[in-house]
Structures are given as structure tokens and as C-alpha cells.
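This is a predicted model, so every value here is computed, not measured.
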Amino acid sequence: MATSSSSTAPQRWSSRWLFVLAAAGSAVGLGNIWKFPYIAGENGGGAFVLIYLVCIAAVGIPIMVSEVLMGRQGRSSPIHTMRKLAKQAGRSQRWSILGWMGVLAGFLILSYYAVIAGWAVSYIWASGSGTFDGASAQMVGATFDEFLASPMELIAYQTGFMILTIWIVGRGVTKGLEAAIRWFMPLLFLLLIALLVYSFNSGGFDQGFAFMFDMKWQAVTADSWLIAMGQAFFTLSLGMGTMMAYGSYVPDDANLGSTVFTIAALDTVIAIAAGLAIFPIVFANGLEVAQGPGLTFVTLPLAFGQMPLGNVFGALFFSLLSFAAITSAISLTEPALAFLVEEYNAKRQRVAISLGVICWALGLGTVFSFNIWSDVTFIGGLTFFDTVDYFSQNILLPLGGMLITFFAVWLLPKGMLDSQLGIQSTGISWAWRVVAGIIAPLGVLAVFTSTIWPLLSGLW
Ligand code: PHE
């Protein structure tokens, strides 16, 4: 008899390594390849990299451990996990609001993530077919502007990307998520290595290396700390329950501390490697590192266009970006998807399609922000896309992350925490409480207040 086994059978990653790959797949995304290199470039290169590493270690890792351990303890979607854990800890059921915030953040982020990932996919063809071969800076800039000005084209790629995402997640943890990860992650590593070799031989490697690692402290501002912390959250997929949802499928015997450390290390190495693949190519062609997001879609195609085999490696670069994006996109749906499947005992596929349609519709706002709605602005003069991005990344994620680690460290029964983490010594238990329970939430609080303060003061 055909029962909806997907909704009743407990789902688990096939091994600890698959969890590491899946979580790294979620973490490594547009944040690492598109965003990290240009923000590092704008904020003092090596000095920023150092600040970023501090944020990953002092805030990112403790929050990720908290999320994964709560997920494994609750063994259900973030909303249900929060309900269960709050009950076990004798706390208010209102803590489940954390799960709801994550669901909302997932929707918002995926809605624009699919649009930008669509750009990457479209640039695979554009580069591969030689559009940029020998093109001038003006031509490459105009190609991107024309692309952004055409809603139909953007929608076509956004739709394609969403369909693929929904198809994968609808197939479930083992047949969908794991199957995609088994393919895409090794491909991503191979592509990155190929691009590193290419950039190493481009003639600009020393300059690119210096750009990433020279300590330009004069370019570091107070803002750089905020940017580094925000980036640490986004890049590690923290604060919205993704890691909690993925954590609920982690086998009982996996050691959480070392597992999380491996995931964070992989994510960081890949972000730095992406920078080392990009900058030398830019410098080898005598180009300036463009300020902002144009680095990927304008400067880089221009640089590839000047180089031997540039069309092949350009296409490989945008494939890398697309693979990184899809393994993150699938993780963005998991908190909402798992919740609906549990709550209504519904079929994963059906739920996935409904979520996909809503997210796709929301994404149209982002598409239009680049053309027909480019003049429509909200609080602080932000476009629809900027507003969604700001609200999810600067408000929902830090707030969620801060409350999650606070809950994990101070409200969960101490024995539960220590046994999940395999902590036996009182010293380590206390050290963990200080780092995860005090330093991490306070660090986030500092960032959080300083990001929303200008926004609030702008309101009156
Ligand atoms: N970590 C992803 C990236 O760097 C984005 C992401 C955020 C994915 C939150 C899931 C949850 O692109």
C-alpha cells in the first residue's frame, strides 16, 4: 500500500561525512564566491580576513554548535524542535517563535537567492559561447545592464533555478538532498581547483595574493567588524534554523564539536580560495577590483575575455557559482518544508511545490527591483530587493542566532548540553559556557544594535 513513508519514517544522513558535505554545501554559496571576495577587497584585504576569522571562531562556530545540537536533540523541524526543547526545559512555548523567524528568513533569502543564482546560470552560457571574448569594458558593462533591464529574461532563469531546487528537495533527504550533494560538492571542489591552477598561471597571482593577505589596517572601519560578523552568519547559514534542520538528521554517534569545526573550516577555505581564484585573473589583465557586486558579473567576464581559454574557464567559474548556489538553496527550504510535512503529515513533494510557488512569486519583487521597480523604495531608500536582503540578513539572522545560542547554553538542562557535546570535564563545560553563552551573544548584540540603530534613527 502506498503510504506517505517520507512523512513518517525518521530521516537521517547516511553518515557523519554526508552531514559535513551537506552542511558545507549549505554554507558554501553565493556568500563565499560572490560576496566574500569583494567585501574583503573593500575592507582592508588581509586585515579583514583576520577580523572575519575571529568572527567565525568566536561567534560562528559556537552558534553552529548550538543549532546542530538542538536539532539533534529535538529531532524535528526547527519549530517543533523549539517547542519540544522549551517544554523539556520548562520554558515558555513562545520560544517556538525562533523557528517561525527562521521559516520567514528562509523564504525571504531564497526569494532573492534564486534570482541572483539565475544570473550565474545565464552567465555560464554567455561566457561559454564567447560573448565576452575580446570585449571592451563598456560592452561587458552594457551586457550586464541590458540583462538586468529585462524582467522576462531574469524571470526565466529564476524560474529554472527554482524548479530545480524544488525538484531536489521534494525527493527527500536521501534521494534528493544527499543525491544532489554527492554530485555537486565534488564537482565544486574540482572546479575550484581547476580555476586556482588557471589563476596561478595567469601572471597576476602575486598581486592577487597580496591583495587578499596584505594587512591594510587603514581600510578597516568600525563598519568592517559589522560586515565581517554579518558575513559570518550568512556564509555559515546560521540564525534561521537551517543548521538545526540539518542537525536533526545527524547520526547519534557523530562528535558535534569536530564536525562543526570541519564545516566552518571548509567554508572558510573555500571563501579564501575563491578570492585567490578571482583576484589574480583581474590583476593579470590590469583591471581594478570593482567596488561591490559588479566584480563577479562585470570585471571578471571582462578579464576572462582577455585571456586564452577565457571562455572555457569563464563558463567553469559560473558553473562553480551555480553549483554552490543550488546546494545552499536546497537548505533554505528545509526549515519550512520539514515543519509542514510534520504538522500536516503531508507529502514532501506537494509541500515543496507550494513553498516554491510562494517563494518564486516573492522573488518577482527582486527581479523588478532591477528594472521596472528600480525607483520604488522603502525605509532608508532601499529597493524591494535591498529591503528583503537587509531585513533577513541584518535583522532576522543575527537576532535568531543570538537567541538560539542563549537558549542552548542557559536554558537547556546542563546535562543535556554536556551529553550532546560529549563534554566530561567541568573546565571545558565552563569554557564553552563563556564562549557560546556570553561572548557569542554579546558580539551579536553589538552588531545587531549598531546595524539597526541607524535604521531606527532614520525613522524619526
Ligand atoms: N550560506 C549561504 C551562502 O553563503 C547562504 C545561506 C544562508 C544558506 C542561510 C542557507 C541559510 O551563500
Side-chain angles (χ1 to χ4, degrees), residues 24 27-61 116 120 188 191-193 195-196 198-200 202 204-238 263-285 287-304 317-318 320-321 324-325 328 389 393-394 397-398 443 447 450-451:
V28 175
L30 297 174
N32 304 58
I33 300 167
W34 173 54
K35 220 166 178 191
F36 178 77
Y38 81 76
I39 57 176
E42 282 173 354
N43 290 279
F48 179 83
V49 174
L50 208 64
I51 294 177
Y52 170 79
L53 290 178
V54 170
C55 293
I56 294 279
V59 176
I61 292 182
I116 297 175
L188 189 146
L191 286 173
L192 191 58
I193 292 170
L195 280 156
L196 274 173
Y198 184 70
S199 108
F200 192 75
S202 66
F205 197 79
D206 291 347
Q207 220 183 330
F209 190 88
F211 186 77
M212 284 268 321
F213 294 112
D214 274 358
M215 300 280 167
K216 293 180 281 291
W217 287 104
Q218 68 282 8
V220 173
T221 60
D223 242 17
S224 308
W225 279 92
L226 307 184
I227 296 173
M229 178 98 71
Q231 174 67 7
F233 266 94
F234 188 76
T235 190
L236 292 177
S237 309
L238 298 177
I263 297 163
L266 270 174
D267 183 75
T268 307
V269 167
I270 291 179
I272 291 175
L276 288 179
I278 290 173
F279 293 129
I281 296 174
V282 173
F283 289 124
N285 291 283
L287 298 172
E288 290 288 310
V289 171
Q291 298 286 301
L295 178 63
T296 301
F297 292 99
V298 180
T299 315
L300 213 50
L302 178 64
F304 278 122
F317 172 80
F318 287 106
L320 168 73
L321 195 56
S328 300
D389 180 29
Q393 193 172 330
N394 297 347
L397 299 191
V447 174
S450 39
T451 22

Which heavy atom in [X] sits nearest to a heavy atom in [Y], and how many Å separate them?
| X | Y | result |
| --- | --- | --- |
| V49 | M212 | CG2-O, 3.7 Å |
| L397 | F233 | O-CE2, 3.6 Å |
| F318 | P301 | CZ-CG, 4.2 Å |
| Q393 | P398 | O-CD, 3.2 Å |

_Side-chain heavy atoms of L276 within contact of L196, under 4.5 Å_ =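 Side-chain contact under 4.5 Å: yes.
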*asked:* Within the 4.5 Å heavy-atom criterion, are F317 and L191 side-chain neighbours or not?
replied: no
*side chain to side chain contact (heavy atoms under 4.5 Å, CB included) assessment of L30 paired with K35*: CA-CA 6 Å; L30 297 174; K35 220 166 178 191; over 6 Å; no
Roughly how far, to the nearest 0.5 Å, is the [atom2] atom of [Y] from the [atom1] atom of [X]?
| X | Y | atom1 | atom2 | result |
| --- | --- | --- | --- | --- |
| C55 | W225 | SG | CH2 | 5.5 Å |
| I39 | Y52 | CD1 | OH | 8.0 Å |
| I278 | F36 | CD1 | CZ | 10.5 Å |
| N43 | T221 | CG | OG1 | 6.0 Å |
| L300 | I33 | CG | CD1 | 11.5 Å |
| L236 | I56 | CG | CD1 | 4.0 Å |

*Apply side-chain contact (heavy atoms from CB on, under 4.5 Å) to S199 and list each qualifying residue two or more places apart in sequence or on a separate chain.*
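With neighbours one apart ignored, the set is F205, P280, I281.
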*asked:* The criterion is side-chain contact (heavy atoms from CB on, under 4.5 Å); which residues satisfy it with L192, sequence neighbours excluded?
replied: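 side-chain contact (heavy atoms from CB on, under 4.5 Å) check on L192 returns I270, A273, L320.
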*Do T268 and L53 pass the side chain to side chain contact (heavy atoms under 4.5 Å, CB included) test, and can you show the C-alpha distance, the side-chain angles, and the key distance before you say yes or no?*
CA-CA 8 Å; T268 307; L53 290 178; 3.4 Å; yes
Taking [X] for the side chain and [Y] for the main chain, is one N or O donor matched with an acceptor at less than 3.5 Å?
| X | Y | answer |
| --- | --- | --- |
| N32 | G29 | yes |
| Q231 | G31 | yes |
| T235 | A232 | no |
| S328 | V28 | yes |
| D267 | I263 | no |

*Parallel, tilted or perpendicular for Y198 and F304, by the 30°/60° rule?*
parallel
*Which class fits the ring pair Y38 and W34: parallel under 30°, tilted 30 to 60°, perpendicular over 60°?*
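Ring orientation of Y38 relative to W34: perpendicular.
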_Cation-pi geometry met for K216 and F211 (6.0 Å, 45°)_ = yes
*Stepwise, does the side chain to side chain contact (heavy atoms under 4.5 Å, CB included) test hold for L302 with F297?*
CA-CA 9 Å; L302 178 64; F297 292 99; over 6 Å; no
*So F213 and I272, side chain to side chain contact (heavy atoms under 4.5 Å, CB included) or not? Walk me through it.*
CA-CA 10 Å; F213 294 112; I272 291 175; 3.6 Å; yes
